[in-house]
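Take a look at the structure below.
Below, read A as the first sequence line, B as the second, and so on, with proteins coming before strands; counting in each chain starts at 1.
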2 protein chains.
Amino acid sequence: MLDWTLLRSFLAVIDTGSLSAAAERLGLVQPTVGRHIRELEETLGAPLFRRQPRGLEPTPAALDLVEDARRMGEAAMALERKASGAGDSLAGTVRVTASRMVATYLLPDIVAALHVEEPAVDIEIVASDETQNLLRRDADIALRMYEPRQAQLVRRRIGDIPLAVYAAPAYLARRGTPATLADLLDHDIIGLDRADELLQGFARFGMPVPREWFPIRCDDHVVGWQMVIAGAGIGFVQVPIAEAEPRVVRLPVEDIGFALPLWLAYHEDLRPNRRVRFVADRLADGLARRINSRETR
Amino acid sequence: MLDWTLLRSFLAVIDTGSLSAAAERLGLVQPTVGRHIRELEETLGAPLFRRQPRGLEPTPAALDLVEDARRMGEAAMALERKASGAGDSLAGTVRVTASRMVATYLLPDIVAALHVEEPAVDIEIVASDETQNLLRRDADIALRMYEPRQAQLVRRRIGDIPLAVYAAPAYLARRGTPATLADLLDHDIIGLDRADELLQGFARFGMPVPREWFPIRCDDHVVGWQMVIAGAGIGFVQVPIAEAEPRVVRLPVEDIGFALPLWLAYHEDLRPNRRVRFVADRLADGLARRINSRETR
DNA sequence: ATTTATCCATGCAGAAATGAATATCGTGTC
DNA sequence: GACACGATATTCATTTCTGCATGGATAAAT
């Protein structure tokens, strides 16, 4: 009977295209995965990959086996999802993914309160602006700024996070305080939070500007926000985050009417999992309270 | 990420009901499987089995996982079937199951010739009158006396093996030679080859007899046939087998018109497997030749 | 043409899993 | 009630596997 560990490595190599990447995904090390593949080839009596400088290219014989290997992998992941909800106690870990901004400025208070209430629940935060794959269990719960579309996900709309214009007093003392949106054209704007959509928003207001209009651009929103705080420029920032920061002030320009929808999602297999539901409920409650209490201010 | 080896052991324990039986099926040893289960329970944080004197009884939590584990197992077996013919050489093993009679008296010549033709092909004979599971790969090729019904099997009807009445000269010298079927009622008949159907056959000829009519009954056809050869009684024997045995003679009674259909079957996943096809072809040819050359004699 | 960045293969020491032997427990039987 | 049987737990020596460090090879980039 075939060793299933070899098949798991086989699938990982097929998916990633190289021994090194497969090893990282499996939490192993490249020589181990290489030995797995070699052992599998010896057992089956047929070469499965052609070793190439860029990685391993599957042979036709290997491609014949991919479908079944993938079925195994999907079944294993489904089993893992179901198993994680098997325990009665809340003890265990829940992985939560959120954007860097949300993870940095909104989650800490909520997670702290949650951990006081249920110390047995461990929280792992995956702070990333890239979409994590809930189907592949990159995380248990995802907080996203758009509606999740996959059918197997349970999704809940928490609310809309409004954006407004903020700057540090030091900046305003140096450059003056803009009173209207049009005034912003003469100021240094730091690209934050969906810069592309902000550009479209400006266009809607009759002020088409090119991407280069932002004098400071940064792919990390947290860094950009720190620059606003430091007085490097003006930023369009999520109101619940900015209002908690005393070192900036909201500018008296018109409301830009732009908001980010906030969604919470998890895999439907995790629905009966009390631990995941507990965390999801606390996250949704805490985020909704912060969104609603600030946006009218 | 979960260790797939643990899941394989989990499935085996679910299927067999005990650590010991699971270990035997996996080619492992009971303490190893026990450790696998314990490690899986620790990883998942939930008990999966209740240890009982008769074995391990799955908990509800375990039953939730069975379906996915079985999907993994089925995918693994399908992969194994497809992989078994991956190499382009014929080298390798083919497991053939057949009834004890066929395996003992018809297969040896065929297998010998086959092995001369292709020494790289190893043959494993599973001589059993119990149905082996081709889906679970108990054997690669099955020779059966009835039509296989499972949809996933490739089946080929080889022909009908006729039955006739034989006895040893020593027996006939002692008890006389019956000339008609009716005369058999005064003789010692050894139950061979589907005794139940033979009884029904006698009833069709207007001679209903009870099961106890057979003075010597034996669940092993080979043993019964050896008794016929030794002169212990008269037997209804497969013609191709009996005609090759010089120590018995065919009795001049009417043709009983009874024949056993002979089928060859293998899993459709094995269809592209050159080795299995080779063995299947040689078996079908050899058996058909023996059936047809003898039945008219 | 040289450099650089990946990626795979190999040798070796340490860690982990395995198997054999044995102890223990509960059940069914005489 | 004593005993035998079949099952799971435990212990320990050994094998096996894993991970680290290093070498070698190829393709893209400067």
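Using a 4.0 Å heavy-atom cutoff across all strands shown, B:R50 reaches no nucleic acid atom at all. As judged by a 4.0 angstrom heavy-atom cut-off over every strand, B:G55 is placed among residues touching the sugar-phosphate backbone only.
At least one side-chain nitrogen or oxygen of A:S20 sits closer than 4.0 Å to the OP1 or OP2 atom of C:dC8. Between A:T32 and D:dG19, a side-chain N or O to OP1/OP2 separation shorter than 4.0 Å is present. Here B:R51 reaches the OP1 or OP2 of D:dA9: one of its side-chain N or O atoms lies under 4.0 Å away.
Checked against C:dT18, D:dG19, D:dA9, the side chain of B:R35 finds its nearest nucleotide in C:dT18. Among the nucleotides D:dG19, C:dA21, C:dC7, the one closest to any side-chain atom of A:V29 is D:dG19.
No donor-acceptor contact under 3.5 angstrom links the side chains of A:H221 and A:R100, judged on distance only. B:E268 and B:Q152 are not linked by any side-chain donor-acceptor pair at a separation below 3.5 angstrom, with hydrogens and angles left out of the test.
Nucleotides of DNA chain C nearest to B:P31 and B:H36 differ in position, and the one nearer the 5' end is that of B:H36.
When the C1' atom of C:dA17 is taken as reference, atom CG of B:D3 falls 11 Å away, rounded to whole Å. What separates CG of B:L19 from P of C:dT24 is a distance of 19 Å, to the nearest Å. In this structure, A:E57 atom CD and D:dA27 atom C1' are separated by 15 Å, rounded to whole Å. Atom CD1 in A:I37 sits roughly 10 Å away from atom P in C:dA9 (whole-Å rounding). Taking atom CZ of residue A:R38 and atom P of nucleotide D:dT18, one finds them 12 Å apart after rounding to whole Å. Taking atom CG of residue A:L56 and atom P of nucleotide C:dT6, one finds them 18 Å apart after rounding to whole Å. Rounded to an integer number of Å, the gap from B:E42 CD to D:dA9 P is 12 Å. Straight-line distance from the CG atom of A:L28 to the P atom of D:dC20: 11 Å, rounded to whole Å.
Put simply, the side chain of B:T97 gets close to the backbone of B:V126: a donor and an acceptor are under 3.5 Å apart. Here the side chain of B:N133 pairs no donor or acceptor atom with the backbone of B:D138 at under 3.5 angstrom.
One cannot find a donor-acceptor pair under 3.5 Å joining the base of D:dA7 and the side-chain atoms of B:Q52. One N or O donor and one acceptor, one from the side chain of A:Q30 and one from the base of C:dA9, sit under 3.5 Å apart.
For the atom pair B:I37 CD1 and B:S9 OG, the distance stands at 6.0 Å (nearest 0.5 Å).
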